S.K.: 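Here you go, one structure.
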Amino acid sequence: TDFSSAADIHFSPDGNFVYASNRGHESIVIFRLDQTGQDGSLSLVAHEPTKGVCPRNFALSPQGDVMVVANQDSHSLEVFTVDQKNGALSHRSSCEVRSPVWVAFN
């Protein structure tokens with residue numbers, strides 16, 4: 001797509017990964033944070049499709065093993081398993097919800 005903009009950004013609970021939602025590209029981008037050096041540089045791990053349109057918001061579980069993505073324009077919540085060793089996401093399930101814009105874990 002020609003248009004893409006970030007909507008939300010989160011660090012994994014262990015601080016090893018950074019996740020950001022991309023509206024337009026309809027993905028979650030995953031970066032590994034280099035904590036061995038002093039520059040905190042990022043390296044690209046992957047772009048994971050969000051299985052919907054306009055990923056407005058997402059949340060990581062406190063344990064960091066589950067991510068829920070709110071796809072506003074396709075009216076869905078998408079649940080992903082997070083591989084905590086490499087940061088990768090695997091789609092688990094979907095739920096239809098009218099125009100979700102925010103999700104959180106308690």
Side-chain angles (χ1 to χ4, degrees):
T1 183
D2 292 333
F3 170 81
S4 186
S5 66
D8 202 4
I9 186 168
H10 295 281
F11 286 89
S12 60
D14 62 9
N16 289 326
F17 300 97
V18 179
Y19 298 90
S21 59
N22 294 303
R23 294 179 289 183
H25 191 257
E26 319 308 359
S27 66
I28 300 290
V29 64
I30 307 159
F31 293 102
R32 180 182 299 278
L33 179 62
D34 179 6
Q35 296 184 9
T36 61
Q38 294 184 7
D39 66 353
S41 62
L42 299 174
S43 56
L44 178 65
V45 173
H47 288 90
E48 180 67 34
T50 61
K51 312 293 186 197
V53 179
C54 193
R56 175 81 180 250
N57 179 253
F58 67 95
L60 286 161
S61 66
Q63 300 79 16
D65 59 341
V66 174
M67 178 185 288
V68 178
V69 178
N71 288 308
Q72 181 180 8
D73 292 350
S74 57
H75 312 291
S76 69
L77 294 177
E78 303 296 333
V79 180
F80 295 84
T81 299
V82 180
D83 184 321
Q84 294 177 304
K85 292 181 182 177
N86 64 21
L89 304 176
S90 299
H91 189 253
R92 279 178 39 178
S93 62
S94 301
C95 179
E96 186 175 332
V97 176
R98 182 83 177 130
S99 299
V101 296
W102 190 75
V103 292
F105 284 88
N106 283 331

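If you're wondering where the values come from, they're calculated on a predicted model, not measured in any experiment. Residue indices begin at 1 and follow the sequence shown. Keep in mind that the numbers below use all heavy atoms, side chains included, and drop hydrogens, waters and symmetry copies.
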S.K.: When you measure from the side chain of D34 to the backbone N and O of S43, does any donor-acceptor pair fall under 3.5 Å?
M.R.: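 It does not hold such a pair.
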
S.K.: Do you see a donor-acceptor pair shorter than 3.5 Å between the side chains of N71 and T50?
M.R.: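 Side chains of N71 and T50: pair found under 3.5 Å.
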
S.K.: Side chains of R32 and N86, heavy atoms from C-beta outward: is any pair under 4.5 Å?
M.R.: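 In contact.
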
S.K.: Would you check if L33 and L42 make a side-chain contact, meaning some heavy-atom pair closer than 4.5 Å?
M.R.: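 The answer is yes; the side chains approach within 4.5 Å.
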
S.K.: Just by distance, do the side chain of E78 and the backbone of H91 share a donor-acceptor pair under 3.5 Å?
M.R.: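 It does not hold such a pair.
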
S.K.: Please round to the nearest 0.5 Å and tell me the distance separating atom OG of S21 and atom CD of E48.
M.R.: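 With rounding to 0.5 Å, OG (S21) is 13.5 Å from CD (E48).
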
S.K.: Applying the side chain to side chain donor-acceptor pair (under 3.5 Å) criterion to Q72, which one of R23, R56, R98 satisfies it?
M.R.: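 Only one option passes, and that is R56.
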
S.K.: What's the separation between atom NZ in K51 and atom OG in S76, rounded to the nearest 0.5 Å?
M.R.: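 Here the interatomic distance stands at 11.0 Å.
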
S.K.: Hydrophobic clusters here meaning ILVMFWY residues chained together by side-chain heavy-atom distances under 4.5 Å, can you tell me if V79 and V69 are in one?
M.R.: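 In one cluster: no.
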
S.K.: Indicate if I9 and I28 have the same hydrophobic cluster label, given that clusters are the connected sets of ILVMFWY residues with side-chain heavy-atom separations under 4.5 angstrom.
M.R.: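 They do not share one cluster, since no chain of ILVMFWY contacts under 4.5 Å joins I9 to I28.
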
S.K.: Can you tell me if S4 uses its side chain to pair, donor with acceptor, with the backbone of N22 under 3.5 Å?
M.R.: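 No; judged by distance alone, with no hydrogens or angles, the pair does not exist.
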
S.K.: Which heavy atom of S61 sits nearest to which heavy atom of P13, and what is that distance?
M.R.: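 Nearest heavy atoms, S61 then P13: O-CG, 3.9 Å.
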
S.K.: So, for Q84 and D65, which heavy atoms are closest and what is the spacing to 0.1 Å?
M.R.: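 Heavy atoms only, the tightest pair is NE2-N, 3.6 Å.
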
S.K.: Have a look at H10 and tell me which of Y19, F58, F17 forms a ring-ring contact (aromatic ring centres under 6.0 Å, His included) with it.
M.R.: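 The residue from Y19, F58, F17 that satisfies ring-ring contact (aromatic ring centres under 6.0 Å, His included) with H10 turns out to be F58.
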
S.K.: Please determine whether side-chain contact (heavy atoms from CB on, under 4.5 Å) holds for the pair L89 and V82, giving the CA-CA distance in whole Å, both sets of side-chain angles, and the decisive distance to 0.1 Å.
M.R.: CA-CA 5 Å; L89 304 176; V82 180; 3.6 Å; yes

S.K.: Which distance, rounded to the nearest 0.5 Å, do you find between the CD of E26 and the SG of C54?
M.R.: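 Going from the CD atom of E26 to the SG atom of C54 covers 7.0 Å.
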
S.K.: Return each pair, listed once, that meets ring-ring contact (aromatic ring centres under 6.0 Å, His included) where at least one residue sits in residues 26-54; pairs must be two or more places apart or across chains.
M.R.: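 The answer is H25-H47.
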
S.K.: Could you tell me whether F11 atom CZ has more than 12 heavy atoms of other residues or ligands within 6.0 Å of it?
M.R.: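 For F11, atom CZ is not crowded (no more than 12 foreign heavy atoms under 6.0 Å).
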
S.K.: Say whether V68 and V97 are linked into one hydrophobic cluster, either directly or through other cluster members, by side-chain heavy-atom distances under 4.5 angstrom.
M.R.: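 In one cluster: yes.
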
S.K.: Any idea which heavy atoms bring A104 and A59 closest together, and the distance?
M.R.: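 Result for this residue pair: CA-CB, 4.1 Å.
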
S.K.: Is any side-chain heavy atom of F105 closer than 4.5 Å to a side-chain heavy atom of V66?
M.R.: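 When only atoms from C-beta onward are counted, V66 and F105 do touch, with a gap below 4.5 Å.
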
